[in-house]
Amino acid sequence: MTELGDRLVILVIAVTGVLVFALGWAGGLVEAEASSELALFAGLALLAGLIVVGIWKGFDRINSRPD
């Protein structure tokens, strides 16, 4: 696999794990009648996006180190 392919596979795995965890947690709150469901889901989407960007930036930082 190429470097880009490896990154994309790792990102798919990481995003899937984060979304399963976050949506499971949010689903529990919604079942418990959370007061603002839309804000909760928007916050979780933002958190998932930040995690994905952080993982991608981490890859760039690792690759830019001199040998």
Side-chain angles (χ1 to χ4, degrees):
M1 258 191 180
T2 64
E3 181 182 341
L4 179 61
D6 291 342
R7 285 185 183 191
L8 292 176
V9 168
I10 291 172
L11 280 177
V12 166
I13 293 168
V15 169
T16 302
V18 168
L19 289 177
V20 166
F21 172 75
L23 292 178
W25 175 72
L29 289 178
V30 170
E31 285 295 320
E33 298 179 16
S35 59
S36 58
E37 297 173 20
L38 183 60
L40 178 67
F41 285 123
L44 289 173
L46 179 65
L47 177 66
L50 289 174
I51 289 172
V52 169
V53 169
I55 291 170
W56 191 264
K57 293 294 183 180
F59 285 143
D60 285 341
R61 190 175 65 202
I62 289 170
N63 289 336
S64 64
R65 291 183 183 166
D67 290 334

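Worth knowing before you read on, the calculation uses all heavy atoms, side chains too, and leaves out hydrogens, waters and symmetry mates. Keep in mind that this is a model prediction, so the values were computed, not measured.
Distance check, rounded to the nearest 0.5 Å: CD1 of I51 to CG of L46 gives 10.0 Å. Rounded to the nearest 0.5 angstrom, L11 CG and T16 OG1 are separated by 10.0 Å.
Neither V52 nor V12 shares a network with the other; the hydrophobic side chains, linked directly or stepwise wherever heavy atoms of I, L, V, M, F, W or Y lie under 4.5 Å apart, form separate groups for each.
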